[in-house]
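First the proteins, then the strands, lettered A, B, ... as listed; each starts at 1. Values in this document were obtained by computation on a predicted structure and should not be read as measured data.
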2 protein chains.
Amino acid sequence: MVSKAPDIFPEIEIPDEISGLRMTAQRREVYRLLQQERNHPTANEVFMRVKDRLPNISLATVYNCLEALVQHGIIRQVNFERESSRYCPNLSEHGHFHDAATGVIHDVDFKPGVNLADVLNLPPGAVIDDVEITLRGKLASA
Amino acid sequence: MVSKAPDIFPEIEIPDEISGLRMTAQRREVYRLLQQERNHPTANEVFMRVKDRLPNISLATVYNCLEALVQHGIIRQVNFERESSRYCPNLSEHGHFHDAATGVIHDVDFKPGVNLADVLNLPPGAVIDDVEITLRGKLASA
DNA sequence: AATAATAATTGGAATAGTTCTTGATATTGA
DNA sequence: TCAATATCAAGAACTATTCCAATTATTATT
Ligand SMILES: [Mn+2]
Ligand SMILES: [Mn+2]
Ligand SMILES: [Zn+2]
Ligand SMILES: [Zn+2]
């Protein structure tokens, strides 16, 4: 039983188990942070921010937690070029647009009814398990 | 003046300069290899294979050559998850399908007339400079 | 052709993100 | 309560890539 801190944001409630993964204190805070700050932080950014609530957490544990969450399909790992991996709690199928000017990463949804096989010449017999779409560009200020 | 080796494949001719980049012996062999073996090799694979023709080449030079070729738009760098970068001489806009069973990477072309803005809800005002589409799955044997 | 200036290559050291190892802690379940 | 199991923490190890400094090759100039 944890007493609720007087945060500006209401604290996100996280159950004791998600998709078969036990939510330890560390996993809970890592997941909570990703839910709150949906800016695709790196492992190190998660580490620095989550230390506010778990001062003794280690970077290795943050990596362990992120991997466990990814493995259980609770969050997604997002890679861009050779940069550090980033993490995303948005489970709907989506891509990522990186604004080269600001560095901000925007989620990009598919338009409804779009099928990959409609736009790509897939190899015959290909069964797609995973799709990664990454865009880089600028946001023209209107 | 280099005497032509009795290769099975006819040797690809490469000019002294491409897109403003001077073709040194090392750059030429790196580029030639990518043209011949279009299986998206890693820097280290390029290194090992190109040593047949340039026994003294260093891995640092392979990286230098690959970077120069990428910088001048002569080849493309392809990243998949956290794996080593791979390199691709196919300059037409295309994506990559990774067959999880065999490890083979297939180029995937866009169907003609497809526009990204047709299938994705891009942020308003977004100007796309670069697109990366990566698919992972299996090739069902018919 | 000789010389000077510039660019490229090499081999090894350094870097950085991530993973591994090991001992301590915590949780579960008998 | 005790044993079995899972998780965590700290730091070492790993590895793809980049950096550095010295050498070599190329280009430009006289
Ligand atoms: Mn803070
Ligand atoms: Mn060989
Ligand atoms: Zn996302
Ligand atoms: Zn390709």
Protein-nucleotide distance (B/Tyr63, atom OH; C/dA14, atom C1'), rounded to Å: 15 Å
Single-linkage hydrophobic cluster, 4.5 Å side-chain cutoff, B/Ile75 and B/Val50 together: yes
Touch class at under 4.0 angstrom, heavy-atom based, for A/Asn56 against every strand present: sugar-phosphate
Protein-nucleotide distance (A/Leu54, atom CG; C/dT25, atom P), rounded to Å: 17 Å
A/Asn64 CG - C/dT21 C1' separation (whole Å): 12 Å
Side-chain N,O (B/Thr61) to OP1/OP2 (C/dT9) below 4.0 Å: no
Earlier contact from the 5' end, DNA chain D, for A/Ala25 and B/Glu67: A/Ala25
d(CG, B/Leu66; P, C/dA8) in whole Å: 15 Å
Basic-acidic side-chain contact under 4.0 Å: A/Arg136, B/Glu132: no
Covered region of DNA chain D, 5' end to 3' end, by chain B [heavy atoms, under 4.0 Å]: D/dA16 to D/dT27
Side-chain donor-acceptor contact under 3.5 Å, A/Asp109 with B/Asn121: no
Test side-chain hydrogen bond (donor to acceptor under 3.5 Å, both in side chains) applied to B/Gln35 and B/Glu37, B/Arg32, B/Arg38, the passing residue: B/Arg38
Rounded distance in Å - CG (B/Asn79) to C1' (C/dT18): 16 Å
Presence of salt bridge, A/Asp16 and A/Arg22, under 4.0 angstrom: no
B/Arg82 CZ to C/dT18 P, straight-line distance once rounded to whole Å: 4 Å
d(CE, A/Met23; P, C/dT28) in whole Å: 13 Å
Contact nearer the 5' end of DNA chain C, comparing B/Arg27 with B/Ala60: B/Arg27
The single option from A/Lys51, A/Arg49, A/Arg53 passing salt bridge (charged side-chain N to carboxylate O under 4.0 Å, His left out) against A/Glu29: A/Arg53
Nucleotide C/dT18, atom P - distance to CZ of A/Arg86 in whole Å: 10 Å
Below 4.0 Å: OP1/OP2 of C/dT27 and any side-chain N or O of A/Thr24: no
Heavy-atom check, side chain of A/Val108 versus side chain of A/Ile133, under 4.5 Å: no
Touch class at under 4.0 angstrom, heavy-atom based, for A/Thr42 against every strand present: nothing
Residue-phosphate contact under 4.0 Å: B/Gln26 side-chain N/O, C/dT10 OP1/OP2: yes
Sugar-phosphate only, base, or nothing, as touched by A/Asn44 at under 4.0 Å among non-hydrogen atoms: nothing
